Amino acid sequence: MKRTPRNLLIIIVVLSLLISLGNYVNSSKNLDDLAYVMAIAFDVGTSGKYKISLQLSTIESSASESMSSSSSSSGGSSGGGESSGGGGSSEQQTQQYVINTMDCETLDMAINIANAFTNKDISLSHCKILVISEKLAQQGVQEIVNSLINKVELRPDCNIIIAKTPSGEFTEDSEPKLEELISKYYDVASNNETGIGYTKGVKLSDFYSNMNDYFFEPYASLGTVSNPKKNTNNNKDDLSLNTQSKSFSSNTPEPAIESMGLAVFKRDKLVGTLTGIETMCHLLITNELKYCDFNIPSPINADRTIDLYISNLKNSKIDVKIINGSPFVSSKFDVSIKVLSLNDDTLTLTEDVLNKLEDATTIYLSEQIYNYYDKTAKELNSDISGIGRFAAKNFRTIDEWEKYNWAENYKNCTFKVDVKTNIKSGHLLTSE
Amino acid sequence: MESNTKIGFSEAVCVLLIVVISHLILTVPKIILHNQGSSSALNIIYITLIALLITFILSLLYKKFKGKDILDLSGYLLGSKFQFLIGIMYIAFFLFTCSLLLRNTAENLKTMYFQSTPIPYILFFILLVVGFMNRYSLKSVIKCNLIVVPMVVLALLVLFILSFNSFTLERIFPILGYGSGNTFVNGIGNIFVFGNMVFLFFLMPILKDYYQFNKIAYTSVITSGIFVFLTIFALLLMFPLDISSNSNLPMYLQTRKITLGEFIQRVDAFFILIWIISLLSYLSIVMSFILSTFKKITNIQNKTFVSYSFVAILFGISLLYKNVIQIRQLDANLYKYISLFFTFGISFLILLLCNIKHKIREKKKI
Amino acid sequence: MNKLINSIVNAFKYTPPNKYSFDLSMNNMQNSENSISPLEDLSQSVYPSVEVNLEYIKVKFNSLINSDIKIREFDLRARNKLYKAFIVYIDGMSDSKNISRFILHPLMLKSRANTSDTDEEIVSSAIASNITVKKVKKFNLVNYINACLIPYNDVTQSKSFDKVISSVTMGNCALFIDTIDTCFICDVKGFEKRSIDSPTNETVIRGSQEAFVENLRTNTSMLRRIVNNENLIIENTTVGAVSKTGCAICYIKNITNDDLIAEVKYRINNLNIDYIISSGQLEELIKEHSKNSLPETLLTERPDTSATALLEGKVVIIVNGTPMALIVPCSFFDLLASPEDRNINSSFANFLKIIRLIAGIISVLLPGLYVAITNFHEELIPTELLFSIISSRQAVPFSVELEIILMEIAFELIHEAGIRVPSPIGSTMGIVGALVLGDAAVSASIVSPISIIIVAITGLASFAIPNYSLEFHFRILRFIFIFLGTVFGFLGIGVGIFLYLGILSNFSSFGTSYLSPYVPCYDVNDNGYFLVPMWKREKREDALNTKRSNKQANISMQWKQ
């Protein structure tokens with residue numbers, strides 16, 4: 001009996017401590033008290049350092065119901081407080097999401113302001129994409145990326161996109177067409193690069209990793225909006241998006257997000273962009289191209305093009321030797337091609353035609369890869385393919401490697417490309 | 001040690017493994033990657049071989065002292081006062097190690113999930129469990145550990161396998177890291193990762209079969225080496241050196257990179273679950289050893305009351321550290337040398353001196 | 001003031017724990033006594049005088065008040081002499097026909113046996129001077145009556161009243177005869193009992209369809225039929241000073257460890273209680289860790305399960321009046337096994353075992369994990385599912401943890417009510433209660449649909465646990481994990497899991513570790529949680545330390561060679 005009152009006393013003390021301090025110290029967040037950010041957009045600020053837009057998802061009671069549309073309110077509150085203070089902020093509300101845009105110095109300040117607007121705690125744990133405008137990227141994104149990667153609740157696999165339009169417009173105009181939920185739309189859009197070949201979804205963790213890597217330079221997806229609502233930038237003629245000088249912009253009357261090409265960085269500053277075909281070359285070199293469609297000018301009839309399906313048979317072999325202080329990069333590619341299109345040239349796929357196609361494809365691919373190397377090395381001096389990791393084995397220690405300064409020596413590279421193309425027969429049902 | 005506590009081969013190996021794994025999850029990779037750079041994997045293989053050599057020497061030195069732990073050896077060497085002193089030193093060492101690990105974990109948990117919870121609250125909650133577990137005998141704690149270790153090992157292996165996609169094999173170049181001197185000469189200091197070997201000196205009296213001691217020692221060193229190698233190798237290949245050598249929880253970063261399709265994302269929370277269980281098991285075991293040591297050097301009867309006192313002491317020491325930076329500095333600098341001193345310094349010295357004394361005595365008899 | 005100080009000091013004073021320790025495998029049997037000193041008073045032996053015996057019996061049995069105690073006085077004829085005698089029996093427990101035919105009839109009525117003047121038994125004779133001197137053995141009435149006059153198969157003699165009284169209360173008939181200080185006890189039990197039926201709680205498809213009944217002898221006979229070995233020992237003992245409930249301790253002498261048998265007998269024979277009614281009460285009384293709700297014995301109503309346990313080297317305890325046998329020792333994995341496992345193909349059994357293991361984990365952890373994830377780790381939930389949860393919770397006034405607790409309590413109420421309600425409407429009540437309550441609660445926005453789903457899945461998983469005690473234990477544990485998940489998320493859950501593993505590791509059942517054969521790491525010998533094919537089950541469990549460890553030859557299927 002003596003032990004029982006003592007044990008009881010201990011249990012009561014412990015429980016009362018836990019419960020009494022429970023409310024004060026409890027870090028739990030009620031699901032209903034959180035507002036979930038779907039996308040964060042960064043742009044150059046007008047009154048603050050950055051203009052940050054947070055796209056918050058509204059929770060509807062059922063998928064078929066819709067909220068009242070287009071009520072917009074603008075607040076002129078200062079938010080942000082002190083001397084470095086935030087600027088104005090505005091809020092737009094449409095069916096599925098609410099966008100809060102504010103000028104401020106840091107992301108945390110923006111979240112604080114948004115908390116005040118939404119009266120809920122902002123949660124970044126389901127953020128799908130990060131959009132940074134081209135203008136801001138040219139100034140440098142290290143601060144943004146560092147603050148984002150250190151946010152524990154932010155998913156490190158959210159996609160990072162460099163927008164040619166102002167990033168706020170990018171999020172405003174991203175309305176899902178084939179999905180109901182915006183989160184699903186972002187998921188599908190970002191992860192659907194398999195089979196496209198002209199773009200690649202880049203995760204925040206990979207971007208951050210490349211920014212701090214001595215083998216890689218960072219890169220990000222490049223996106224734009226065709227027919228933006230506000231139409232501040234005329235993107236239709238921006239040919240840097242287009243492959244082979246042809247426009248891939250959709251001609252729909254409604255705004256639509258396009259993702260085409262890559263944005264190339266040197267450390268944390270944007271130095272250039274890659275076109276679709278250059279992106280395909282990049283994916284070939286980094287062994288990330290599973291398969292995609294592309295077309296080449298027909299070797300038989302110069303006015304026509306032939307559609308081909310490319311898949312990476314084997315991993316590319318890249319070797320780097322240091323000759324007289326300059327790197328010599330030899331790369332070998334072994335790709336498998338299937339003919340897709342059906343026209344006069346491909347109606348009869350004889351061995352002769354196949355051989356011509358193979359040669360034409362080899363020449364075309366080699367040319368494009370050389371162009372890609374030239375652009376990244378000579379023009380942009382940014383080793384986004386990570387050729388440096390093959391060069392590192394020429395050095396014994398890290399000090400030697402750092403002394404060599406690969407980042408600056410990349411532009412002195414000489415490239416040799418060897419493409420082996422293997423065209424299987426056409427597999428067309430009606431070809432002979 | 002308690003006379004009715006006898007453990008077998010698997011239990012002993014699991015005790016030694018949990019010590020390595022608990023430190024591996026937290027601070028060890030950062031220290032090694034920071035010091036050795038791209039030659040970390042090579043360095044780990046190298047120090048594992050050295051550890052095996054040391055184990056061989058240990059087995060030779062321990063031949064004549066089957067059934068005796070470090071306290072018995074120190075008593076044999078210089079009497080009970082020396083035994084008391086050694087006991088207190090080891091207790092202080094264990095308390096320091098535990099407090100560092102505990103506070104580091106609590107700080108990390110606070111950063112991740114418990115931003116508004118004060119540190120003492122988290123520490124109190126964890127130590128409540130440790131205090132409860134110490135009401136049971138050492139054998140029960142070791143049996144519990146026998147269940148925990150396979151779970152943790154499986155989790156680490158799954159983590160390694162799921163990380164395959166993110167490996168960049170070329171990150172092992174430049175092969176010699178910061179130089180061959182740094183890898184093979186300065187790198188010997190990294191043998192502190194085998195700090196679990198200090199428990200070999202306490203395990204002897206509680207083994208069912210003393211002749212399994214050598215087998216236990218070799219198995220634990222090899223398995224520890226394998227785990228350390230796999231972890232360091234994975235981190236080296238997944239992240240650039242700047243990130244892996246500067247982040248406080250590189251393994252946590254590793255778990256954040258794992259996605260399996262679109263449904264299974266952010267499995268780091270399950271990793272936290274496994275980590276907490278392994279930490280609790282480690283703390284319970286070390287606390288049990290502290291209590292057994294204290295009981296041996298002071299011959300007390302009431303072990304339970306003393307266990308609460310030691311838990312309170314551990315709580316106090318864990319709160320002494322000012323901030324996270326201090327903890328990380330102590331971890332990176334002080335812990336390494338203290339661990340080396342106790343595991344490979346004083347323990348071996350005592351063992352060697354005991355062997356010499358034994359030989360002299362034998363000669364005198366003759 | 002002193003009293004207060006004393007009480008505080010006493011509350012915190014160290015008292016060495018009174019720890020009972022029994023470890024089977026270390027042969028560390030500290031308690032070797034298995035019998036207690038006899039309680040009977042010597043003066044309570046049977047008197048030679050029938051009147052005194054009669055009075056004694058009348059007083060002891062309160063025959064003036066007790067309506068079913070029957071005393072029949074009569075005159076017994078033996079060797080053509082009449083002796084006064086009486087029988088005592090309990091109406092309703094004894095078979096009157098057998099009493100009349102085999103006891104009263106041959107003793108009362110004249111017959112050749114009781115009228116013949118038997119020859120004196122001559123021990124030796126000597127002839128001297130034409131005088132024959134014969135030494136004769138004195139006539140023994142007790143032997144004569146036992147051997148010649150009572151033509152009944154089960155007759156024992158007793159000189160002590162205690163044995164006589166307990167026999168009569170069990171349904172036997174006691175015969176007292178004048179001038180003899182011995183009482184004859186005839187086993188004429190004839191009370192009504194339930195016939196052997198199929199098991200209600202442990203139904204199987206392929207196994208035997210017999211279950212234990214309340215009668216001890218019937219149960220032991222079922223065991224005998226299955227085991228079919230002369231080394232099966234069924235020791236009878238009584239528990240309870242007042243109820244004298246019969247208990248049978250069954251074991252196979254040349255398989256079971258002697259220390260285990262001694263320990264079981266020691267615990268049962270050292271219970272200082274007035275009565276026990278069921279095996280459940282006995283289970284609690286012989287439990288070592290009495291404060292813990294984990295079961296230390298396996299309860300079964302199937303004779304085939306009990307026989308398997310006996311053949312594996314365990315001890316089975318059957319209590320009179322309960323159709324449930326206790327099997328000791330038991331491990332945690334035994335509690336998760338179903339009686340069907342050994343009747344079907346091992347791969348099917350292993351599949352079901354995996355399902356049960358998952359069910360066990362879900363039953364304990366699912367609500368706690370749900371609360372922890374929604375409160376601390378909502379990033380784990382896929383975005384679409386999260387929005388679906390939030391949108392369904394829009395109008396719900398309660399927090400997640402309160403919802404779960406309310407639904408769990410409601411579920412327990414429905415469960416309990418379903419047992420009490422008479423069976424024709426019992427199952428309907430359960431379905432109606434679950435559907436209507438659940439649906440109505442969602443429509444009224446008291447709870448969200450996801451909580452209903454979580455609680456329903458947890459309930460289903462708990463019903464998949466074959467052992468009733470373990471299922472109950474998990475139901476209690478669930479609430480603890482909900483609390484831990486609420487307070488500290490995954491840290492709390494991790495702490496709970498570790499503590500539970502620690503408690504399980506410390507637990508033991510009659511000297512064997514609760515998590516054997518995995519913890520401590522014995523040689524599993526194909527006796528682990530998952531079953532190996534029948535032809536591979538060669539050895540008995542190491543933890544039981546049996547006398548006969550091999551149960552199959554290396555190559556058991558000799559026909560294949």
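Because only heavy atoms are used, hydrogens play no part in the values below, and waters and symmetry mates are left out as well, while side chains stay in. Within every chain, numbering begins at 1; the chains are lettered A, B, ... in the order of the sequence lines, protein sequences first and strands thereafter. All values derive from a computational prediction rather than experimental measurement.
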Given that the side chain runs from C-beta out, which part of [X] has a heavy atom under 4.5 Å from chain C: side chain, backbone, both or neither?
X	value
B:Ile274	neither
B:Ser284	side chain
B:Phe270	both

Do you know the tightest heavy-atom contact between [X] and [Y]?
X	Y	result
B:Ala269	C:Leu380	CB-CD1, 3.6 Å
C:Asn506	B:Ser140	OD1-OG, 2.7 Å
C:Gly502	B:Met133	CA-CE, 3.7 Å
B:Cys144	C:Ser505	CA-OG, 3.1 Å

Taking the six-membered ring where the residue is Trp, are the ring centres of B:Tyr113 and C:Phe488 under 6.0 Å apart?
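Aromatic pair excluded; centres sit 6.0 Å or further apart.
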Start with the C-alpha gap between C:Leu515 and B:Leu146, add the side-chain angles, then the distance that decides, and say whether side-chain contact (heavy atoms from CB on, under 4.5 Å) holds.
CA-CA 11 Å; C:Leu515 293 173; B:Leu146 187 59; over 6 Å; no
Got a second to check how far [X]'s [atom1] is from [Y]'s [atom2], nearest 0.5 Å?
X	Y	atom1	atom2	value
B:Leu280	C:Leu499	CG	CG	8.0 Å
C:Ser508	B:Lys143	OG	NZ	7.0 Å
C:Phe490	B:Phe271	CZ	CZ	13.5 Å

Test item: B:Ile122 and C:Leu491 side chains (from C-beta on) under 4.5 Å apart, heavy atoms
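When only atoms from C-beta onward are counted, C:Leu491 and B:Ile122 do touch, with a gap below 4.5 Å.
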Answer yes or no: is there a side-chain heavy-atom contact under 4.5 Å between C:Phe498 and B:Val148?
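They are in side-chain contact.
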Quick one, C:Ile503 with B:Phe132, criterion side-chain contact (heavy atoms from CB on, under 4.5 Å). Give me CA distance, side-chain angles, the key distance, then yes/no.
CA-CA 10 Å; C:Ile503 291 168; B:Phe132 181 83; 4.1 Å; yes
Which bit of C:Leu501 is near chain B, if near means a heavy-atom gap under 4.5 Å: side chain, backbone, both or neither?
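Both parts, backbone and side chain.
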Can you establish whether the number of heavy atoms outside B:Tyr308 located under 6.0 Å from its atom OH is more than 12?
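More than 12 within 6.0 Å, yes.
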